[in-house]
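For reference, the structure discussed in these notes is given below.
Hydrogens, waters and symmetry mates play no part in the numbers below; they use all other heavy atoms, side chains included. What you see is a predicted model; the values in this text were computed from it and never measured.
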Amino acid sequence: MLAFVNHGLKNNHRLARLLSFSAATATSSLPPPPLPPPPRRELVPPLSPFLPASSATDGLNTKLLADSFKEWFLTGSTISATPLTTVYDRIFAALAANEDDASLDAALGDLDLRLDESLVIGVLRYRPREVLLNLRFFDWAGRARGSSSYRHTRAAYNAIFHTLSRAGLFSVLLDWLGSFSAIGRAALAVSMSENVRFHNTLAMGYAAAGKPDLALAIQARMRFNGHDLDAVAYHVLLNSLVEVGAFDVSEFVLRQIETRGLTTPATPGIKVKSLCRQGRLDEAKEHFIEVQNSKHKSRGRVAANLINALCKNGRFNEANALVEELGRLPDFPVSLAYEELLSNLIETQRTSTAIRFLKEKKEMENFVPGIIEYNKLLFRLLNENRLEEVFDMLIEMHEQKISPDDITMNAALRFFCKAGMVDVARELYNARKDFGLSPNSVLYTHFINALCGEGNLDEACRVLDESIEHGYFPGGRTFGILTEALYQDGKLDKLSKLVDKALKQNIVPSGGVFGNYITALCKAGQTEEGYLLFPEKMRRSNVVLNGQAYSNLVMGFVNAKRGDKAARLLIEMQEKGYPPSQKLYKSVVCCLCEMGLLGHVLNLLEIQLVRNAGLNFGSKAEIYNCFIEGAGRAKQPMLSREVFERMVRSGVQPTSCSHVLLLRSYLRGGRFGDALTYFYDLRKERPPSMKLYNAFIIGLCQAGKPEQALVFWREANEKGLILSLECYEELMFSLCNSYNYDAAVEVIRDFEATKRPVSSFLCNILIFHSHRSRDLWSAWVRSSMNDVEGEGLHDAGRVSLGELVAAFSGGLRKKEHFENLDEMVERYFPVDIYTYNLLMRLLCMEGRMDDACDLFNRMWRKGYQPNRWSYDVIVHGFSKLDRKEEASMWIEEMHKKGFVPSCSTVDHYMNISNREG
């Protein structure tokens, strides 16, 4: 079992060395290559070096590794069918299989047991954790037929007391002692020896149950009658007093033991334990010499107690020196001291020191710690993400033939989850019933996180259901991860059920979880459901939505044309302490205007002015500006004017931005006369403003008035104003679309004269219209002839835009030297995705589909992510050329990316099918 893994470790095939990044790479032309996925960290199982080349697949590796760990887990399984090799095994099998007394009597009678003290004590010590079965056997042995010669001895009682005490069942032990006391007094013979033995046993029982006060009361009764406890009972009482911290009384009892000559080899051990508990470590070390020189079986445990006390007080050097000294003694049982030092090193996060200590003692003394120490070390390494060492530790435990318990199995599955080997964890988790694994809350958390990480949300939800059945509900972070993953994947039903489960478990999800759900509903067009359903749940849970969720709800109602509800939520959002953004305000105002609720807009304005606190505005003027702009976007210029006039009447001084916004409102609303009048009024009141001219010219262009815009552009030039890049772009776009190429050339040559860098948008316009006809080039030539300095206006080394116009003028059909069209264009300006789409469209218009496909691939390789129009241009080109097979391949790839062709492209594609039909 796991031989191949052991062999791999011996050959330095460590887990960390098998961590690698993998990225898919592909090159093809048709259909286009898929976009490269982001690098994903993968942990390759350490099986691949030992598998045939033809079978080295992830699935096979997972199966082999999972089967190997299953086999190991079975060695520690509590439900595995182990052979009953001893009489003790057969006794416990009978105790477990027979529930009533009659069948138990028959089953144990068939074993022909010879009841005596050694058998009873041997059974009780064989499986001390099987408390109920031990009690049944003790009861059966006391009443077994045919065994009248056997009666429970004090040692047998002490053994069952010890079993109950170790299990922490003190209340059961006390009840049992009460019954034992009442029955025992009636059953005991009148002889004094029987009475003394009964009280000794009773005193030991109460001492073992953590009630030394009752044991002292029994001793006092015995002393009153002229008797006393024996040596064994005295030491059980002394140890109980030390355990409960009654050190003064324990000193008195210790003096009584020494005075009566009842000291045994166990006495100094209890004394050392008492001194350690009191923090008197130097005295404890002195008295430990007596323990060290004795041959008592408890000296190993005493050494462990002293080591633990030294470590707890930060005296690790002394503890280590003592451990080394004990290790040199030829016959000292030092393993418990080693384990205690190892445990303290792990608990104080001295992990590296603990590992070095373990390796040293293993190599030099063949020391193997118990399962408890191994488990502590495993979980410490897991918490520190030292995954390679975790794997080494698991292999080491297997080599030492240490049977794993539940904690070990949980640690192993947690390791596979953290290492990214989710398939192995899944195999072991699904087979957990075979070896009796009970996953704990930590494992459930890591397993759910790992499944979410690999996108297996259905299985993550299934594991969550199973964890709830076992009484575990994931913590806030894991719950958030799962809900976030479901939200991102659009699984609204599962997200809703998950939140309901949390509420049923009296676990209140965070506002972020509710926010994710509401956001998902809004994106799915179910804003009304989010508004009606979840506030009820949140009120029941006293959860407050976060600001993002409120924003999403508001925008959901805006998109649904429910401005009234959007406005109410906007106010509620402010009341909860979340200031809405100006963009959100403008959207709500615009929606109200589009619904014709102009009165609501003015009411909302008054509410905001009254609040004027906790808002995303620097002043009241900004509040007015927000409403002026919102009304302008909705093409309600008179409402913008009303807001502006209220602003003036309230004594708030309008800013330059206020004037610009009102001017834009007039232009957007088609009130060009009012806009012109207002523009002239402003120009009279204040000096010429570049901001005002920019707004007016851009507004005229967007309103389809390029000739008027050109007049004011020339006026701004005469006044020496340098207008914005956006102004030049809008003016160029508008003039070219109206085929006024002479004016367009005038504008672009003026822009060149400013020596500002050109934008991609400007150059894309020039390329498109140059290819469209030669008129733009002709206009450029005429402008050059009229320009005295001609191209001399440009700096040396600065490429003229005239060259760009000339390059594309008249089409590309006969220009075969344009093999790398994108590289040629990059000489003039920085290209963008729109430029690539435009160039591909021009090539497709010329019928050069192979060149268009090559350009698509070059774009992809340069890191530009193709969008819907990138694919649509190619499909459109193939469809126009009746190349249905290629068009179909590209449409299929387009659908894989989540894009759909445009109506025009679909019409051309369907025409091919109709002609073929």
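Taking CZ of Arg756 as the reference point, atom CG of Leu762 lies at 9.5 Å (rounded to 0.5 Å). Note that CD1 of Ile571 is 3.5 Å distant from CD1 of Ile607, once rounded to the nearest 0.5 Å. Taking SG from Cys844 and CG from Leu881, the interatomic distance works out to 8.0 Å, rounded to the nearest 0.5 Å. Here the straight-line distance linking atom NZ of Lys705 with atom CG of Leu700 works out to 9.0 Å at 0.5 Å rounding. Going from atom SG of Cys701 over to atom CD of Glu729 covers 11.5 Å, rounded to the nearest 0.5 Å. Interatomic distance, CG of Asn717 versus CG of Asp750, reported as 4.5 Å (0.5 Å rounding).
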Next item on the list: Quick one: do Asp832 and Thr835 satisfy side chain to side chain donor-acceptor pair (under 3.5 Å)? Show the steps, please.
Entry: CA-CA 5 Å; Asp832 56 13; Thr835 308; 2.6 Å; yes

Note to self: With side chain to side chain contact (heavy atoms under 4.5 Å, CB included) as the criterion, how do Met573 and Ser551 come out once you've worked through the C-alpha distance, each side chain's angles and the decisive distance to 0.1 Å?
What the structure shows: CA-CA 8 Å; Met573 181 179 179; Ser551 296; 3.2 Å; yes

Checklist line | Step-by-step side chain to side chain contact (heavy atoms under 4.5 Å, CB included) determination, Leu661 to Phe644 | finding: CA-CA 10 Å; Leu661 291 174; Phe644 183 86; over 6 Å; no

Margin query: Assess the residue pair Arg668 and Glu629 against the criterion (salt bridge (charged side-chain N to carboxylate O under 4.0 Å, His left out)); give the C-alpha distance rounded to whole Å, side-chain angles, the decisive distance to 0.1 Å, and a yes or no.
Written below: CA-CA 11 Å; Arg668 284 173 176 164; Glu629 185 176 1; 5.2 Å; no

Next item on the list: Run the numbers on Ser640 and Tyr666 for side chain to side chain donor-acceptor pair (under 3.5 Å), then give the verdict.
Entry: CA-CA 9 Å; Ser640 295; Tyr666 283 134; over 6 Å; no

Item checked: Test log, rule side chain to side chain contact (heavy atoms under 4.5 Å, CB included), inputs Cys657 and Lys691 -> CA-CA 9 Å; Cys657 184; Lys691 188 174 183 181; 4.0 Å; yes

Margin query: Please evaluate residues Glu718 and Arg714 with respect to the criterion salt bridge (charged side-chain N to carboxylate O under 4.0 Å, His left out), reporting the C-alpha separation (whole Å), side-chain torsions for both, the decisive distance (0.1 Å), and the verdict.
Written below: CA-CA 6 Å; Glu718 292 172 0; Arg714 288 170 178 160; over 6 Å; no

Margin query: Before you tell me yes or no, could you show the steps for Tyr624 and Ser650 under side chain to side chain donor-acceptor pair (under 3.5 Å), namely the whole-Å CA-CA distance, both residues' side-chain angles and the distance that decides it to 0.1 Å?
Written below: CA-CA 11 Å; Tyr624 282 108; Ser650 66; 3.2 Å; yes

Next item on the list: Report the C-alpha distance between Ile891 and His895 in whole Å, list the side-chain angles of each, state the deciding distance to 0.1 Å, and finish with yes or no for side chain to side chain contact (heavy atoms under 4.5 Å, CB included).
Entry: CA-CA 6 Å; Ile891 287 178; His895 287 160; 3.5 Å; yes

Checklist line | Full working for side chain to side chain donor-acceptor pair (under 3.5 Å) between Asp872 and Asn837 | finding: CA-CA 9 Å; Asp872 192 79; Asn837 291 345; over 6 Å; no

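No close placement of the Tyr739 and His769 rings is indicated, their centers lying 6.0 Å or farther apart. Taking the six-membered ring where the residue is Trp, the centroids of Phe856 and Tyr871 are separated by under 6.0 Å.
When all heavy atoms are compared, the tightest approach of Met595 to Gly563 is SD-N, 2.9 Å. Taking all atoms of both residues into account, the shortest heavy-atom contact from Ala634 to Cys593 is CB-CB, 3.3 Å. Shown here for Leu804 and Cys763, the closest heavy-atom pair between the two residues is CD2-CB, 4.1 Å. Nearest approach of Ile697 to Ala709, heavy atoms of both residues: O-CB, 3.8 Å. Scanning all heavy atoms of the two residues, the minimum distance from Cys626 to Tyr585 falls at SG-CB, 3.2 Å. Minimum interatomic distance between Val554 and Leu570 (heavy atoms only, all atoms of both residues): CG2-N, 4.0 Å.
Between Arg646 and Glu642, at least one side-chain N (NZ, or NE/NH1/NH2) sits under 4.0 Å from a carboxylate O, which counts as a salt bridge. A salt bridge is absent between Arg633 and Glu594: the closest approach of a Lys/Arg side-chain nitrogen to an acidic carboxylate oxygen does not fall below 4.0 angstrom.
In this structure, Ile748 and Met732 have side chains that are in contact, with non-hydrogen atoms separated by less than 4.5 Å. Between Arg641 and Leu662 there is a side-chain heavy-atom pair separated by less than 4.5 Å. Side-chain contact between Asn740 and Glu707 is present, with heavy atoms from C-beta onward closer than 4.5 Å. Side chains of Gln865 and Ile833 form no contact here, defined as non-hydrogen atoms less than 4.5 Å apart. Side-chain atoms of Asn625 and Ile628, non-hydrogen and from C-beta on, do get closer than 4.5 Å to each other. Put simply, the side chain of Phe557 does not reach to within 4.5 Å of the side chain of Asp564, judged on heavy atoms. Two residues are said to be in side-chain contact when any heavy atoms from C-beta on lie closer than 4.5 Å; Glu886 and Ile874 fail this criterion. Residues Met690 and Leu723 form a side-chain contact, since some pair of their non-hydrogen atoms from C-beta on lies under 4.5 Å apart.
Between His876 and His908, the angle of the ring planes goes over 60°, which puts this pair in the perpendicular group of the 30/60° scheme. Relative ring orientation between Phe712 and Phe696 is described as perpendicular, the plane-to-plane angle rising above 60° on a 0-90° scale split at 30° and 60°. Using cut-offs of 30° and 60° for the angle between ring planes, the Phe679 and Tyr693 rings count as perpendicular. Between Trp890 and Phe878, the angle of the ring planes lies from 30° to 60°, which puts this pair in the tilted group.
Within a 6.0 Å sphere centred on CZ of Arg841, heavy atoms belonging to other residues, nucleotides or ligands number 12 at most. Open room surrounds CZ on Phe733; 12 or fewer heavy atoms of other groups in view lie less than 6.0 Å from it. Other residues, nucleotides and ligands place more than 12 heavy atoms under 6.0 Å from the CD atom of Glu606. Within 6.0 Å of NE2 on His659 lie more than 12 heavy atoms contributed by other residues, nucleotides or ligands. By the 6.0 Å contact criterion, NZ on Lys862 is enclosed, its count of non-hydrogen atoms from other residues, nucleotides or ligands being greater than 12.
Remark: the backbone N or O of Asp907 is paired with a side-chain donor or acceptor of Asn911 at under 3.5 angstrom. Although no hydrogens or angles enter the test, the distance criterion places no donor-acceptor pair under 3.5 Å between the side chain of Ser734 and the main chain of Leu731.
Partners of Phe627 by ring pair (Phe, Tyr, Trp, His ring centres under 6.0 Å), not counting sequence neighbours: none found.
For Thr677 and Asp674, the side-chain atoms include no donor-acceptor pair closer than 3.5 Å.
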